[in-house]
Protein chains: 2
Amino acid sequence: MAEKAAHASADLCQRLRAAALRPTRQRLVLAELLFARGHRHVTAEALHAEATRAGIGVSLATVYNTLHQFTAAGILRQVAVDATRTYFDTNVDAHQHFYVEDSSMLIDIPGDSIAVSGLPQPPKGTRIDRVDVVVRISKA
Amino acid sequence: MAEKAAHASADLCQRLRAAALRPTRQRLVLAELLFARGHRHVTAEALHAEATRAGIGVSLATVYNTLHQFTAAGILRQVAVDATRTYFDTNVDAHQHFYVEDSSMLIDIPGDSIAVSGLPQPPKGTRIDRVDVVVRISKA
DNA sequence: AATCTTCTTTAGAATTATTCTAAACTGTTG
DNA sequence: CAACAGTTTAGAATAATTCTAAAGAAGATT
């Protein structure tokens with residue numbers, strides 16, 4: 001356990017260094033919460049609450065900064081499904097989402113199960129960055 | 001022309017009545033701006049500015065109310081692509097969008113050109129409301 | 001280890017988009 | 001046209017996010 005944790009921390013340090021981000025206490029804490037166990041979908045507020053609850057003081061501004069820095073570094077992905085909230089996804093591999101409208105929750109759809117065909121050519125002078133699919137669902 | 005405009009107004013009145021919305025001056029003005037000429041993607045702020053510029057006083061609150069009422073009535077569709085802005089689309093038929101990240105513009109992709117396959121079953125007790133595809137593009 | 005420089009963090013103010021509120025107003029119906 | 005229910009509105013309130021400027025911590029340099 002301790003070994004695993006140590007390994008995880010060391011790994012996180014590497015990832016931060018690779019992104020030219022100093023491995024500060026705050027960033028390590030947030031990275032731990034984000035990446036320690038499986039993939040997650042979080043909002044800034046929720047992550048901030050989590051850190052606070054865990055007894056680690058991190059300001060909300062830092063949470064926002066960090067989430068954006070991680071996104072720029074490619075270790076987080078921002079998901080736009082709802083105009084009022086921004087979600088961050090720790091899974092940056094190709095995949096898509098169900099969005100449960102009743103509960104504002106995201107559910108992953110593996111990238112290899114889903115396919116989009118018939119895309120027209122993008123306008124001249126532009127290139128495709130990403131294709132996002134959101135399947136909106138609600139209580140039957 | 002005058003004939004066409006009259007026809008259009010009458011038609012808009014019908015649509016509003018059908019949605020149990022009184023055809024007030026404000027709603028007719030906004031409907032005119034939205035539906036008079038081809039399909040459009042607008043934000044509340046932009047529509048408000050347009051109405052104001054056209055010399056017709058409509059409060060911003062009314063623009064928001066109206067856009068939401070029209071959406072509920074199914075004559076507008078809300079598009080979520082960017083966490084900071086909400087777009088309303090006058091085309092409510094099945095279709096998708098390119099989103100130009102550099103300029104925050106939406107471009108239609110006809111619904112019959114694009115297809116999504118391999119969708120997994122939605123979670124039990126839920127049904128699919130809509131499948132949204134956003135193709136994010138930027139300057140090459 | 002002391003120093004310097006640069007990057008980070010932070011509290012709180014500021015901004016942006018949107019919703020709410022309560023009072024004034026208007027369309028519709030009898 | 002009176003009466004009622006539905007609408008509009010200015011401005012306050014809220015929510016999510018970004019900005020600011022000052023204090024704090026990392027990493028390099030001596």
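Letters A, B, ... mirror the listed sequences (proteins, then strands); counts begin at 1. The basis for the numbers below is simple: all heavy atoms, side chains too, and nothing from hydrogens, waters or symmetry mates.
- Between the C1' atom of D:dG6 and the CZ atom of B:R27 lies a distance of 8 Å, rounded to the nearest Å.
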Check your understanding: Going 5' to 3' along nucleotides 22-30 of chain C, which nucleotides have protein heavy atoms under 4.0 Å from the base (write B), which only from the sugar-phosphate (write S), and which from neither (write -)?
Key -> -----BS--
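- No side-chain donor-acceptor contact under 3.5 Å links B:E32 to the backbone of B:L12.
- The two residues B:P23 and B:L28 come nearest to each other via the heavy atoms O-CD1, 3.7 Å.
- Rounded to whole angstrom, the span from the CG atom of B:D82 across to the P atom of D:dT18 amounts to 10 Å.
- Side chain of A:L21, nearest nucleotide from D:dA16, C:dT8, D:dT8: C:dT8.
- Within residues 57-69 of chain A, the residues having any heavy atom under 4.0 Å from DNA chain C are, by residue number, A:G57, A:V58, A:S59, A:A61, A:T62, A:N65.
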Close N/O contacts between protein and nucleotides 14-16 of chain C (under 3.5 Å):
none

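- For the atom pair CZ (B:R27) and CG (B:L34), the distance works out to 13.0 Å, reported to the nearest 0.5 Å.
- Taking only side-chain nitrogens and oxygens, A:T86 never comes nearer than 4.0 Å to OP1 or OP2 of D:dA16.
- Spacing between atom OH of A:Y87 and atom P of D:dA16 amounts to 10 Å, rounded to whole angstrom units.
- Atom-to-atom, CG of A:L16 to P of D:dG27 comes out at 11 Å; the value is rounded to the nearest Å.
- Atom CG of A:D108 is separated from atom CG of A:D89 by 5.5 Å, given to the nearest 0.5 angstrom.
- A donor-acceptor pair shorter than 3.5 Å cannot be found between the side chains of B:S138 and B:D102.
- Two rings, from B:H97 and B:H95, have their centers less than 6.0 Å apart.
- When every heavy atom of B:P122 is checked against every heavy atom of A:F98, the shortest pair comes out as CA-CZ, 3.7 Å.
- Two rings, from A:F88 and A:H68, have their centers less than 6.0 Å apart.
- Taking both residues in full, the closest heavy atoms of A:L67 and A:T71 are given as O-OG1, 2.7 Å, listed atom of the first, atom of the second, then distance.
- In this model, the phosphate group of D:dA25 is not approached by any side-chain N or O of A:Q26 to a distance below 4.0 Å at OP1 or OP2.
- For A:F70 and C:dT8, the CZ to C1' distance is 13 Å, given to the nearest whole Å.
- Atom NZ of A:K139 is separated from atom CG of B:D129 by 11.5 Å, given to the nearest 0.5 angstrom.
- In this structure, B:V42 is a member of the same hydrophobic cluster as B:I56, with clusters built from ILVMFWY side-chain heavy atoms closer than 4.5 Å.
- B:H48 has its NE2 atom 14 Å from the P atom of C:dA17, to the nearest Å.
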